Amino acid sequence: MNAGWRVGIGYDIHRLVDGRPLVLGGVRIDWPQGLLGHSDGDAVLHAVADALLGAAALPDLGDLFPDTDPAYQGADSRALLAEVVSKVAAAGYRPQNIDCIVHAERPKLSEFKEPIARSIAAILELDPGAVNVKAKTNEGLGPLGSAEGIACTVVALLRTDD
Ligand code: MG
């Protein structure tokens, strides 16, 4: 039985390392370090995907695209998220809105919040106003605060597709 409205939460974190491109929310950011990962390491899109999957009570991103599978080595996370959107649609749900917090000490992301929101909205076929992106530092606390990585927390709302 599918209730009319479903909420889901997603979280992801990747380590920042030298020699990788930085891609957040499908947006390439000019920065000397990037996120380590089997795919492109896009913690924002991974958290969005897990929020959608969680809301639909589907297997999580790691189950769908195992990091042991060579097929997903260097994968563009926009394509992975598009596949997730298809699975969520097949389960009878449509995304309604997305709210994201990107936890990044560096780089400063204020100028990238809108481009990231537009990028996510395009993949989810939502109006740009239905996607919100906030950027927070970790106030220098812990591994995130020393810029060892970037994390993302996402809440997604789905509605029964009827
Ligand atoms: Mg990830």
Side-chain angles (χ1 to χ4, degrees), residues 6-89 91 93 95 97-109 112-113 115-126 131-138 141-158:
R6 306 274 296 215
V7 67
I9 188 169
Y11 173 81
D12 197 24
I13 184 169
H14 284 255
R15 185 180 294 272
L16 270 173
V17 295
D18 295 335
R20 295 265 300 183
L22 180 59
V23 183
L24 289 175
V27 175
R28 176 73 188 269
I29 294 170
D30 187 19
W31 189 248
Q33 292 187 306
L35 295 176
L36 184 63
H38 185 65
S39 66
D40 59 12
D42 191 331
V44 175
L45 293 191
H46 296 175
V48 171
D50 263 343
L52 295 173
L53 291 166
L58 290 170
D60 69 25
L61 195 65
D63 291 332
L64 293 176
F65 308 112
D67 63 8
T68 50
D69 188 336
Y72 305 117
Q73 181 133 27
D76 183 335
S77 294
R78 291 174 297 183
L80 302 183
L81 180 56
E83 200 168 325
V84 163
V85 172
S86 295
K87 288 181 184 297
V88 165
Y93 299 107
N97 79 293
I98 298 287
D99 193 13
C100 304
I101 304 171
V102 186
H103 312 269
E105 204 73 14
R106 291 190 291 275
K108 292 294 177 202
L109 294 175
F112 297 105
K113 290 187 290 186
I116 290 171
R118 283 198 303 271
S119 169
I120 294 168
I123 300 165
L124 271 53
E125 298 179 350
L126 285 171
V131 179
N132 185 66
V133 174
K134 298 180 287 297
K136 304 283 287 184
T137 73
N138 222 44
L141 295 166
L144 284 174
S146 55
E148 290 177 50
I150 291 176
C152 186
T153 307
V154 173
V155 170
L157 187 68
L158 307 184

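Quick caveat: nothing in here was measured; it's all calculated off a predicted structure. What's counted below: heavy atoms across the whole structure, side chains too, no hydrogens, waters or symmetry copies. Counting convention: from 1, in listed order, for ligands and their atoms alike.
Note on Asp42: not counted as a metal contact of the Mg ion (ligand 1), no N/O/S atom lying under 2.8 Å.
Put simply, the angle at the Mg ion (ligand 1) from ND1 in His46 to OD2 in Asp12 is close to 90°, to the nearest 10°.
Tyr72 and Phe65 have perpendicular rings, their planes meeting at more than 60° on a 0 to 90° scale where under 30° would count as parallel.
Side-chain contact check for Leu16 versus Leu22: some heavy-atom pair is nearer than 4.5 Å.
Put simply, the side chain of Glu105 gets close to the backbone of Asn138: a donor and an acceptor are under 3.5 Å apart.
Using modelled atom types and a 3.5 Å distance limit, the side chains of Asp67 and His38 yield no donor-acceptor pair.
Within His14, NE2 is the N, O or S atom that lies nearest to the Mg ion (ligand 1).
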